[in-house]
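Structure record follows, encoded as structure tokens.
Throughout, protein chains are lettered first and strands after them, A, B, ... in sequence-line order, and every chain is numbered starting at 1.
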2 protein chains.
Amino acid sequence: MRPKLTLKQIARELDVSVSTVSKALRDSVEISQETRQKIKAFAKLYNYKPNNIALSLKNRKSKTIGIILPEIVHDFFATVIGGIEEVANKRGYNAIICLSNNSFDREVMNMEMLANGSTDGFILSVAKETQQKEDYHHLKEVINQGMPVVLFDRIVEEINCDKVIIDDAAGAKKAVQHLLDTGCRKIALLTTVDYISVGKLRTQGYREALEQNGVAVQEELILKIEDVDHSEEEIIDFITSSDIDAVFAVNEQFGASAVKAILGKGLKVPEDVSVIGFSDGELSKRFIPALTSINQHGAEIGARAAELLIDRLEQPLEKEETYQTQIVETSLVKRDSTRKK
Amino acid sequence: MRPKLTLKQIARELDVSVSTVSKALRDSVEISQETRQKIKAFAKLYNYKPNNIALSLKNRKSKTIGIILPEIVHDFFATVIGGIEEVANKRGYNAIICLSNNSFDREVMNMEMLANGSTDGFILSVAKETQQKEDYHHLKEVINQGMPVVLFDRIVEEINCDKVIIDDAAGAKKAVQHLLDTGCRKIALLTTVDYISVGKLRTQGYREALEQNGVAVQEELILKIEDVDHSEEEIIDFITSSDIDAVFAVNEQFGASAVKAILGKGLKVPEDVSVIGFSDGELSKRFIPALTSINQHGAEIGARAAELLIDRLEQPLEKEETYQTQIVETSLVKRDSTRKK
DNA sequence: TTGTAGGCGTTATCAC
DNA sequence: GTGATAACGCCTACAA
């Protein structure tokens with residue numbers, strides 16, 4: 001076992017000073033060609049790599065961005081990570097991911113841990129529990145210490161920072177409009193409880209689309225799901241007892257359950273009932289029938305969030321605090337769970 | 001904006017020395033009750049948190065474990081992360097995740113970055129490309145430097161370290177046996193190319209099950225899929241032109257595509273053709289029909305890997321190098337894509 | 001051309 | 001009971 005090589009060891013080995021080694025490795029002209037060659041050869045031979053921790057401490061920056069996510073099983077978050085990593089790596093940063101599992105405490109813990117030097121800034125989507133409690137002291141704290149934060153997807157209006165969101169309401173409108181255009185009138189909405197920002201916005205888009213098309217909103221066609229773990233049962237009960245010709249679901253899981261409920265009722269998709277889900281992930285693509293859905297362009301969101309964050313990090317001085325909110329457009333992906341026009 | 005508080009600042013503020021502050025905060029009896037109180041109150045008031053980077057540098061350990069995964073869209077890896085985090089947090093460690101995206105270069109980059117002080121050890125599943133190239137110098141390097149590594153799922157036989165695997169071959173046998181027991185005889189296998197260790201093992205289990213039941217293996221019923229991105233087309237072509245009464249797929253995506261192909265052929269699942277997939281994720285659960293599958297117990301794998309790693313980290317001295325390979329048993333989850341006995 | 005000294009934030013050791 | 005000093009690994013003015 002050979003422990004990691006340090007400058008000091010190289011110096012001792014080659015009988016020069018530590019600073020000579022340091023300079024030589026950074027190709028400083030102060031050092032003679034000869035010594036430089038010798039030192040670099042030695043370092044290469046023994047595969048010297050500077051210690052990141054020491055560098056972070058010295059430079060007071062880690063060239064690392066922290067990503068904190070509520071969960072990871074959803075394709076959406078997985079694609080966002082991809083987008084972040086691509087930009088981050090291109091710009092010389094590394095990304096480390098922590099999960100809050102939708103728990104407020106874990107979110108706070110993770111942030112505190114990473115904020116203590118491990119990370120130069122954050123990209124995060126807040127936990128469900130955090131949105132419920134409306135306790136954002138950890139975000140404020142970090143921002144206050146001068147670490148930039150970029151929120152995405154599940155954002156917090158009242159926090160002053162850069163944000164990347166999708167046009168949730170517009171996306172929902174697009175979905176419902178498509179249902180209306182293909183002849184549906186009794187459109188059910190499967191959504192989350194209101195404290196989830198995106199659920200709320202998508203619900204709003206649903207309402208607007210109906211109203212603008214002169215279709216009355218029927219409150220009994222709206223199902224707000226609280227307990228995601230038992231969403232399927234709830235959805236099946238709801239759909240079995242409702243008279244509908246379409247379903248708009250705020251995520252693809254709910255969409256899949258809706259199809260199951262409809263088929264279970266002996267009806268056909270899309271002939272009798274059309275279905276659209278939000279989030280265009282694996283499930284939508286692989287499902288039978290493949291689900292028409294609203295694509296959130298996760299990679300794009302991640303990429304923009306990363307650009308925004310790194311821009312902030314590298315801006316020499318914080319000029320006028322003009323935080324941006326970038327909006328990524330969603331798009332409708334037509335598949336087999338809705339009718340042709 | 002108020003930058004992070006340091007010991008030095010507290011010391012200056014309270015007009016004591018840095019070491020006094022340090023000791024007071026760690027409740028050293030050397031310091032008088034009075035000063036201790038005062039300092040702790042101040043620290044609390046201004047929310048002092050020690051700088052992790054400095055601590056890491058000083059202690060030469062980070063209390064952090066690095067997780068490197070080939071991808072994240074698969075539920076399997078997501079559940080493994082959950083298992084790791086739970087154990088890690090319970091034992092006072094944090095976990096940071098990096099993705100290789102199945103690229104050799106990214107895997108190496110990520111390891112080198114994390115190995116430079118950010119992490120005390122690794123838990124990883126190697127990238128597809130790495131298994132193909134059979135280049136494991138980065139693993140050897142890190143182990144050589146005294147950092148423990150635990151491999152799981154896609155492991156490398158020739159690397160000497162702790163491992164956590166599932167009984168891939170036995171799991172596959174279990175699946176195929178179930179198909180045989182429910183009357184299937186012409187069982188197709190949808191697998192990956194051989195350099196993927198788990199694909200190879202599952203293929204082996206398939207063969208053994210057939211042989212032990214006196215059913216001849218028909219090579220033309222085995223499809224080795226190279227390009228996962230176009231797996232669906234390939235699977236549909238294959239199934240359309242094959243005479244089969246069952247499909248065993250080495251992952252749930254392939255299983256879902258198989259069902260689509262079968263239905264497309266005008267046959268029924270499971271009446272005409274049964275389907276079993278490996279990995280019991282969201283897709284299997286939500287699919288219609290819900291897929292019978294082999295559960296890999298990802299959380300259990302993660303938990304064991306973390307225990308193994310932390311044990312190594314905390315073992316005072318490395319006694320006799322007796323690396324373990326722990327095997328987590330899979331289980332068959334019967335759903336609606338296979339017949340009842 | 002090379003080396004010395006100081007500092008990033010922390011803690012352990014030893015001196016006062 | 002308190003403080004100065006050195007060290008973790010690295011970098012950079014400044015001195016020699």
Is there a side-chain contact between B:Ser32 and the phosphate of D:dG1, meaning an N or O under 4.0 Å from OP1 or OP2? no

OP1 or OP2 of C:dT10 sitting under 4.0 Å from any side-chain N/O of B:Tyr48? yes

Would B:Arg91 and B:Asp311 pass as an ion pair if we require N to O under 4.0 Å? yes

As a test of reading the structure: which of D:dT2, D:dC11, C:dG3 is closest to the side chain of A:Thr20, going by heavy atoms? C:dG3

Nearest 0.5 Å, please: how far is CD in B:Glu314 from OH in B:Tyr93? 4.0 Å

Among C:dG3, D:dG9, D:dT2, the one nearest B:Arg60 by side-chain distance: D:dG9

For A:Ser19, answer base if it contacts any base atom (sugar-phosphate contacts may also be present), sugar-phosphate if it contacts only those atoms, and nothing otherwise; contact means non-hydrogen atoms under 4.0 Å. base

Distance in angstrom units between B:Gln37 CD and D:dT2 P, rounded: 13 Å

Trace of the side chain to side chain donor-acceptor pair (under 3.5 Å) decision for A:Asn94 with A:Thr64: CA-CA 5 Å; A:Asn94 275 103; A:Thr64 298; 5.6 Å; no

Mind checking if A:Lys23 touches a base, just sugar-phosphate, or nothing, with heavy atoms under 4.0 Å? base

Mind checking B:Leu57 for me? I need base, sugar-phosphate or nothing, with any heavy atom below 4.0 Å counting as a touch. base

What is the distance from CG of B:Asn51 to C1' of C:dT11, rounded to the nearest Å? 13 Å

Here the distance between atom P of C:dC14 and atom CD of B:Glu30, to the nearest Å, is 12 Å

Would the base of D:dG9 count as contacting B:Lys58 through its side chain, where contact means a donor and an acceptor less than 3.5 Å apart? no

Which part of the nucleic acid does B:Leu55 contact within heavy-atom distance under 4.0 Å: base, sugar-phosphate only, or nothing? sugar-phosphate

Separation between CZ of A:Phe152 and OG of A:Ser125, rounded to the nearest 0.5 Å: 4.5 Å

Rounded interatomic separation in angstrom, taking CZ from B:Arg12 and P from C:dG7: 12 Å

Between B:Arg304 and B:Glu300, is there a salt bridge with N-O shorter than 4.0 Å? yes

Give the rounded distance in Å between these two atoms: CD1 of A:Ile10 and P of D:dG9. 12 Å

Counting the atoms with a prime plus P, OP1 and OP2 as sugar-phosphate, which does B:Ser22 contact under 4.0 Å by heavy atoms, base, sugar-phosphate, or nothing? base

Expressed in angstrom and rounded to an integer, what is the separation of A:Asn116 atom CG from C:dG9 atom P? 12 Å

How is B:Val16 classified with respect to the nucleic acid when contacts are heavy atoms under 4.0 Å: base, sugar-phosphate, or nothing? sugar-phosphate

Identify, between A:Gln9 and B:Gln33, the residue whose nearest nucleotide on DNA chain D lies closer to the 5' end. B:Gln33

Could you tell me how far apart B:Ile53 (CD1) and D:dC11 (C1') are, to the nearest whole angstrom? 16 Å

Measure from CG on A:Leu7 to P on C:dG3 and round the result to the nearest Å. 14 Å

For A:Thr35, report the nucleic acid contact type (base, sugar-phosphate, nothing); a contact means any heavy atom under 4.0 Å. sugar-phosphate

Applying side chain to side chain donor-acceptor pair (under 3.5 Å), run through A:Arg60 and B:Asn51 and close with a yes or a no. CA-CA 11 Å; A:Arg60 275 109 135 271; B:Asn51 181 315; over 6 Å; no

